[in-house]
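Residue numbering restarts at 1 for every chain, and letters A, B, ... go by the order of the sequence lines.
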Amino acid sequence: MTDTQTLYAAYSGIIDTALGALVSEGVLPDDASFKNVTLEPPRDASHGDLATNAAMVLAKQAKTNPRTLAEQIAEKLTAADGVVSADIAGPGFINLRLEPAAWLNELQAITALGDDYGRSTIGAGTTVNVEYVSANPTGPMHMGHCRGAVVGDALSSLLELAGHDVTREYYINDAGGQVDVLARSVHLRYREALGADIGAIPEGLYPGDYLVPVGKALASELGDKFADAPEDEWLPVFRAQAVTEMMEVIKGDLALLGIHHEVFSSEAALHQAGKPDEAEKWLRENGFVYDGVLEAPKGKAPPEDWEPVELPLFRSTQFGDDQDRPIKKSNGAWTYFGADLAYHMQKAEKADELIDIWGADHAGTVKRIKAAVAALSQGKGKPTPFDVKLVQMVQLMRGGEPVKMSKRSGNFITIADMIDEVGKDVVRFTMLTRKPEAQMEFDFAKVVEASKDNPVWYVQYAHARIQSTVRKASEEESVSPSDEALGQLGDEELTLIRRAAQFPREVEAAAKAREPHRIAFYLYDLATDLNAFYSLGNTALEKRFIVKHDKGLSAARLFLADAIGQVLRNGLRVLGVEAVDRM
RNA sequence: GUUCCCGUAGCUCAGGUGGAUAGAGCGUUGGAUUCCUAAUCCAAAGGCCACAGGUUCGAAUCCUGUCGGGAACACCA
């Protein structure tokens, strides 16, 4: 092996070669598909080093039964380099036993590849646009935005590691009614800054103190020329200014989380560029948009002012939606959906694939936007895969009690508050310790606990332990180990190496499934193995990483420790969590 | 009423797009330290994978229905 190749990649290749040989021998058909063939650790380590389901998956295509095919595959595999034996077990699994050096090579691969260990090419350089956060620019980020932000960012990093070219994008909703409300709220603060007595903030405006400085800035910049002017004179000015200020606030909050988007797209700019009109024109020509009358809302009392009106409707029912959806309002303005549809068309022009991360409260709009992307991208001859990931609610707790929040008074828990209290790493890691589509609790007391019950702490602790050990080593112990020394590593070390070797597979599986949380769980398992091995040294001095009077063995163990540390770092980097050296 | 998500050990959760005997942590019980970081480790007990059907060599995983929990059902964003 001249190239540095990871173990699973190498043996996947060997299996492909064996299967290829069977194709040329006519055992398997020429058009056999190997796509469901997997190579994985056997259920029980005593079965061997690697297991493949190839025979079971391909039996049908070979028109034979799994065990017969398994024998033919096993024969080829036994002859392969580095394979000691290939046994058939259960319904047709093939268990491979490897020469011990195979695993030791993996350690060398980890060290040689360093930060690139785990990097994959399955993404094949395709471009993926991940849109996440996209919080309305009306105030600081609060708790509700946090999970989607972290999941989107970790997913982006994961896809990059898996070989995709990722664009992180933020959609600024700066065109709807809520930014007018923002502008009015700022105007009030502006008058306040000029000395007016504004009294209580009226119902329907944003009451938060964070607008006070914006008002002050505008007062000193503009003087009092808009203090008593009619609204239509100052509204555009205040709106633009307020959105700019709020985006600065939001970018600051995101930076606290370690998140940086490459692209910020403005809804207002989209309108100015006439994108929604373009989209509508195309959709009408192709029969996806027609003028029609909406049905009254079902299942609950219709709004008092509801009356049937003819609107331009998008045929989302063709794609499984309950009803067709309006792209324009009766006053002629675009609906959010109308603009969003054009926005996705714009994104699809620049990327091979789109992913949106949304809060679960938007679940009801998934069908229509997926329908729109399907209609537009297929129609334009470039079908673009598009996935919407919904992140469920986070319930904030403190010592088992729900944290009360009142959005009305502007007294909500901001992301800045959270990070201030528990730190960025804790927030990020904790958000990734549950699959996103399940609801979760975030307990301020629990997440800072220093115990095995707290995954963030536990994983960082494992890394700090390794670093501490490495620091303790003498110069002769810190050298590259000889082959003989590496050969002294036994079963207990192998358990650890086996787990480490899973990392590249874990990255690929997580990337394919678009599930960054798997990396968090993997790291926890790796940390468990590390701590288990480390503890052996508490009762048996000869099992420590650093063994007195045995420089060779110490060098081999330290080499192992270093490799595990490298894998922990690589995984934590995907999650955007610091790998600390001391705790 | 409709749509979406969830239902796995007493509790909190994993479970690699169908594979071998169902996995962790907490809690319970019993152990381990001349410690390179014990904020740790080892072991035991604990399961009708909500329920009922279906698909096939094989289902916690896929399909249908039922029951529970959550969320959303504007021309709002």
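- Nucleotides B/G18 and B/G31, compared at atom P, are 46 Å apart to the nearest Å.
- Taking the side chain as every heavy atom from C-beta outward, A/Met247 and A/Phe264 approach each other to under 4.5 Å.
- Sorted by residue number, the members of residues 50-66 of chain A with any non-hydrogen atom under 4.0 Å from RNA chain B read A/Ala51, A/Met56.
- Between A/Arg557 and A/Glu477, no side-chain nitrogen of the basic residue sits less than 4.0 Å from a carboxylate oxygen of the acidic one, so the salt-bridge criterion is not met.
- In the set B/U17, B/C75, B/C36, B/C36 carries the atom at the smallest distance from any side-chain atom of A/Tyr534.
- The existence of a salt bridge linking A/Lys389 and A/Asp356 is excluded, since no basic side-chain nitrogen approaches an acidic carboxylate oxygen closer than 4.0 Å.
- For the OP1/OP2 pair of B/C36 and a distance below 4.0 Å, the side-chain nitrogens and oxygens of A/Thr469 include no atom meeting the criterion.
- A/Glu169 and A/Ser265 are linked by a side-chain donor-acceptor pair at a separation below 3.5 angstrom, with hydrogens and angles left out of the test.
- Using a 4.0 Å heavy-atom cutoff across all strands shown, A/Tyr522 reaches no nucleic acid atom at all.
- Look at CZ on A/Arg147: it is 15 Å from P on B/C5, rounded to the nearest Å.
- Residues of residues 89-96 of chain A having a heavy atom closer than 4.0 Å to RNA chain B, listed by number: A/Ala89, A/Pro91, A/Phe93, A/Asn95.
- Look at A/Arg434 and you'll find a side-chain N or O under 4.0 angstrom from OP1 or OP2 of B/A14.
- Here the C1' atom of nucleotide B/G1 and the CD atom of A/Gln323 are 13 Å apart, to the nearest Å.
- Listed by residue number, A/Leu541, A/Arg544, A/Phe545, A/Ile546 are the residues of residues 540-554 of chain A with a heavy-atom contact under 4.0 Å to RNA chain B.
- Across the protein-nucleic acid pair, A/His271 atom NE2 and B/A77 atom P stand 9 Å apart, rounded to whole Å.
- Closest heavy-atom contact between A/Gly148 and A/Val391: CA-CG2, 3.7 Å.
- In the model, A/Gln566 has no side-chain atom that pairs as donor or acceptor with a side-chain atom of A/Asp562 under 3.5 Å.
- In the set B/C4, B/U37, B/U2, B/U37 carries the atom at the smallest distance from any side-chain atom of A/Lys472.
- Heavy atoms of A/Gly537 sit under 4.0 angstrom from at least one base atom.
- For B/G58 and B/U12, the P atoms lie 35 Å apart once the distance is rounded to whole Å.
- An OP1 or OP2 oxygen of B/G15 is reached within less than 4.0 angstrom by a side-chain nitrogen or oxygen of A/His517.
- Look at CG on A/Asn531: it is 13 Å from C1' on B/C36, rounded to the nearest Å.
- Nucleotides B/A24 and B/U33 have their P atoms positioned 25 Å apart, rounded to a whole Å.
- Of all the heavy atoms in A/Ala55 and A/Leu69, the pair that sits closest is O-CD2, 3.6 Å.
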Toss me the dot-bracket line for RNA chain B: Watson-Crick and G-U wobble, both under 3.5 Å, 5' to 3', using | for pairs to another strand and [ ] for crossers. (((((((..((((.....[...)))).(((((.......))))).....(((((..]....))))))))))))....
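- Residue A/Glu441 is classed as having no contact, given no heavy-atom separation below 4.0 Å to the nucleic acid.
- Using a 3.5 Å distance cut-off with no hydrogens or angles, the side chains of A/Thr68 and A/Asn65 do pair a donor with an acceptor.
- Stacking of A/His362 onto the six-membered ring of B/A71 is not present when judged by under 5.5 angstrom between centres and under 30° between planes.
- B/C76 and B/A72 have their C1' atoms separated by 13 Å, given to the nearest Å.
- Ring centroids of A/Phe442 and A/Phe444 are separated by less than 6.0 Å, placing the two rings close together.
- In this structure, A/Ser468 and A/Ala527 both approach RNA chain B, and ranking their closest nucleotides by distance from the 5' end singles out A/Ser468.
- Listed in residue order, the members of residues 452-465 of chain A having a heavy atom less than 4.0 Å from RNA chain B are A/Lys452, A/Asp453, A/Trp457, A/Tyr458, A/Tyr461, A/Ala464, A/Arg465.
- Ion pairing between a basic and an acidic side chain is recognised when a charged N comes within 4.0 Å of a carboxylate O; A/Asp49 and A/Arg498 show such pairing.
- The two residues A/Leu575 and A/Pro516 have their closest heavy-atom pair at CD2-O, 4.0 Å.
- For B/A43 and B/G25, the P atoms lie 10 Å apart once the distance is rounded to whole Å.
- Among the candidates A/Met393, A/Arg147, A/Gln395, the single residue satisfying the side-chain contact (heavy atoms from CB on, under 4.5 Å) test with A/Met440 is A/Arg147.
- For the P atoms, the distance from B/U66 to B/C4 is 13 Å, rounded to whole Å.
- Side-chain to base pairing of A/Ser330 with B/C75: one donor and one acceptor N or O lie within less than 3.5 Å of each other.
- A side-chain hydrogen bond (donor to acceptor under 3.5 Å, both in side chains) check over residues 499-518 of chain A, counting only residues at least two apart or in different chains, returns the pairs A/Tyr8-A/Gln502, A/Ser120-A/Glu508, A/Glu353-A/Arg514, A/Arg499-A/Asp529, A/Gln502-A/Arg505, A/Glu515-A/Arg518.
- Note: NE2 (A/His145) to C1' (B/A77) measures 11 Å, nearest angstrom.
- Taking atom CG of A/Asp174 as the reference point, atom P of B/C76 lies 16 Å away to the nearest angstrom.
- Within 6.0 Å of CG in A/Asp491 there are 12 or fewer heavy atoms belonging to other residues, nucleotides or ligands.
- Taking the P atoms as reference points, B/C63 lies 15 Å from B/U3, given to the whole Å.
- Across all strands, A/Gln178 comes closer than 4.0 Å only to sugar-phosphate atoms, never to a base (heavy-atom distances).
- Using a 4.0 Å heavy-atom distance criterion, A/Thr539 is classed as a sugar-phosphate-only contact.
- Among the atoms of the strands shown, none is found under 4.0 Å from any heavy atom of A/Pro436.
- Checked for salt-bridge contact, A/Glu131 and A/Lys347 meet the test: a charged N lies under 4.0 Å from a carboxylate O.
- Heavy atoms of A/Thr335 sit under 4.0 angstrom from primed sugar atoms or phosphate atoms, though from no base atom.
- Within the 4.0 angstrom heavy-atom criterion, no nucleotide atom of any strand lies near A/Thr38.
- Side-chain contact between A/Asp291 and A/Leu313: absent, with no pair of heavy atoms (C-beta onward) separated by less than 4.5 Å.
- Residues A/Thr469 and A/Tyr534 meet the side-chain proximity criterion, which asks for heavy atoms closer than 4.5 Å.
- Rounding to the nearest 0.5 angstrom, the gap separating the OH atom in A/Tyr458 from the CG atom in A/Leu523 is 12.5 Å.
- Across all strands, A/Ala450 comes closer than 4.0 Å to base atoms (heavy-atom distances).
- In this structure, A/Phe533 has its ring center under 6.0 Å from that of A/Phe545.
- When all heavy atoms are compared, the tightest approach of A/Val479 to A/Glu476 is CG2-O, 3.2 Å.
- Contacts of A/Arg325 with the nucleic acid, taken as non-hydrogen atoms under 4.0 Å apart, are absent.
- Looking at heavy-atom distances under 4.0 Å, A/Met583 makes contact with a base.
- Rounded to whole Å, the P atom of B/U29 lies 37 Å from the corresponding atom of B/A71.
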